[in-house]
K.L.:
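Take this structure first; my questions come after.
Chain letters run A, B, ... following the sequence lines, proteins first, then strands; residues in each count from 1.
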There are 2 protein chains.
Amino acid sequence: MSSQSIRSFASRQYPCEKCPLRPLPAFREFDKQELSFISTFKRGELAVDKGATVLVEGSHSAHLYTVLSGWAFRYKLLPDGRRQILNYSMPGDLIGLQGSLMGEMQHSVEALSPMLLCVFEREQLHELYRNYPGLAYDITWIASREERMLDENLLSIGRRTALERAAYLIAFIASRARGVGLNGKTPVQIPITQQHIADTLGLSLVHTNKTIRKLMDRKLVMWRDGGCEVGDYDGLKKLARWEGLGEERRPLI
Amino acid sequence: MSSQSIRSFASRQYPCEKCPLRPLPAFREFDKQELSFISTFKRGELAVDKGATVLVEGSHSAHLYTVLSGWAFRYKLLPDGRRQILNYSMPGDLIGLQGSLMGEMQHSVEALSPMLLCVFEREQLHELYRNYPGLAYDITWIASREERMLDENLLSIGRRTALERAAYLIAFIASRARGVGLNGKTPVQIPITQQHIADTLGLSLVHTNKTIRKLMDRKLVMWRDGGCEVGDYDGLKKLARWEGLGEERRPLI
DNA sequence: CGGGTACTTGAGGACTATCAATTGTCGTGG
DNA sequence: CCACGACAATTGATAGTCCTCAAGTACCCG
């Protein structure tokens, strides 16, 4: 268990009205009422360091977060320490919804990079459902989107070969990252280690390394500066037999 | 693709007021208003045969179902035919929510036994959100529960050994089935073939057979009448290192 | 009886895991 | 500036798991 610091800021660097994410084409327009409610809903911002554990399996968190910046991953552990990464979170994604609804967290979340999170009170979720049916619908939509991603991951781990899996995963993450403008300069830099990939794909670290090496030999991906970059997005999709995620504009809570 | 008949009944054998599921201890109480709205929401009943395809990936279904009786499974296919079973549906479960929210179905659903389904109109979902925040919350809760099950399955396929996976899956299904009173007589009879188990666990049919055989040798499960029965539930849980799903009472839409 | 489906079993080979070591990078302390 | 430890990536060897191929059995149904 890591003990990296979690600092919270009393002040808001990003009031909702000036949310840096909302203008992105990936997100749908919100009307004034909705925006002002979200602004009330937001309790503050939380900055966490790389490696910090944001949420812990088994705990009862009173909060719910939206990623403002940075990357994280969601995972579960077996009693003997085997780890399975379930999905990744990046800007615009909701963290901790499952815990808010079901009471106890059933998975943990760890930051892959420094992150800035918007903090919401779990308690106010009821008010949201009572007074903002549109937002309530959005939250269900977001849960459903997560489910869809899990379905894809399950298909991948269960039925794709190691090489296809790796290709799928990298294409999938890169595709999501591009959707939220994480490709400022060159291709997106995905800040993960091969151990993360191994724990996502259900492979050993050694075999993951050899598999990624094959992708690199084919010039489909590059591994630089402790992270990975896509070399040939379409090549990855084709190898993985993956259609891509037909992402329409989505809500941002 | 199967072409078994799907018959619809104009009449209702089970008006919501006499729903055979609602009295079960697995489900939470609903108030009168909620019940009467659900009764309006319900459009009719649909009877499908074993083997029938209830929903098809890629289609735009106008409906959403709740299982009244029978079993089904949700799956995805790779272009070359490899199949991954994502989860199973049994009485009380919602089918097709993802499709209703996201437009296009991203997975297919096939009946494992004859089924009776309550049919709802996707269109009315908005009215539900507008006027019944409690039910809206319930629907999100249900989506979240599905996500939790997928998380567990992902952990299983990714990090458990073949033997543990099989033990987990059978314990998991049996546990859910018991929750909805499917153990009328003796232990629950799970109406699946070894091919289904193989496609759920990400294993080949042959290896699945050998794995199940080991479970049978240990008297943890029995295979009879083309279905499987639990021989030693706690033994399965222990072998799989699985805690069980702490199921509180849940909503029934 | 023939044909279909589901379950079994054995054998050989492909794919992955484990073990053990090496390399390279980076930040810290001498 | 270099030694040092920590971490990530890499590689080779060996063993084990799992897949594919190929048959064979059992049962049900027309």
K.L.:
Using OP1 and OP2 only, check whether a side-chain N or O of Gln195(A) sits under 4.0 Å from dA9(D).
P.N.:
no

K.L.:
Send over the distance from Ile157(A) CD1 to dT16(C) C1', rounded to a whole Å.
P.N.:
15 Å

K.L.:
With sequence neighbours excluded, what pairs up with Thr200(A) under the side chain to side chain donor-acceptor pair (under 3.5 Å) test?
P.N.:
Tyr88(A)

K.L.:
Determine: side-chain N/O of Asn209(A) to OP1/OP2 of dA9(D), distance under 4.0 Å, yes or no.
P.N.:
no

K.L.:
What's the CD1-C1' distance between Ile212(A) and dT11(D), to the nearest Å?
P.N.:
15 Å

K.L.:
Starting at NZ of Lys214(A) and ending at C1' of dA14(C), how long is that distance when rounded to a whole Å?
P.N.:
11 Å

K.L.:
List the steps and the verdict of salt bridge (Lys or Arg N to Asp or Glu O under 4.0 Å) for Arg148(B) and Glu104(A).
P.N.:
CA-CA 11 Å; Arg148(B) 207 186 57 168; Glu104(A) 185 174 304; over 6 Å; no

K.L.:
Measure NZ/Lys50(A) against P/dG27(C) and give the value in whole Å, please.
P.N.:
11 Å

K.L.:
Pro91(B) and Gly70(B): which non-hydrogen atoms are nearest, and at how many Å?
P.N.:
CD-O, 3.4 Å

K.L.:
Closer than 4.0 angstrom, basic N to acidic O: yes or no for Glu164(B) and Lys238(B)?
P.N.:
no

K.L.:
Using whole Å, what does the distance between atom P of nucleotide dT10(D) and atom CG of Leu215(A) come to?
P.N.:
12 Å

K.L.:
Are OP1 or OP2 of dC7(C) and a side-chain N or O of Arg213(B) less than 4.0 angstrom apart?
P.N.:
no

K.L.:
Check the phosphate of dT5(C) against Gln194(B), side-chain N and O only, distance under 4.0 Å to OP1 or OP2. Yes or no?
P.N.:
no

K.L.:
Quick one: does Ile192(A)'s side chain get under 4.5 Å of Ile197(A)'s, heavy atoms only?
P.N.:
yes

K.L.:
In the 5'-to-3' direction, what one-character label does each nucleotide of nucleotides 15-30 of chain D receive under the scheme B = base within less than 4.0 Å of a protein heavy atom, S = sugar-phosphate only, - = no such atom?
P.N.:
---BSBB---------

K.L.:
Judged by modelled atom types alone, do Gln84(A) and Asp199(A) share a side-chain donor-acceptor pair under 3.5 Å?
P.N.:
no

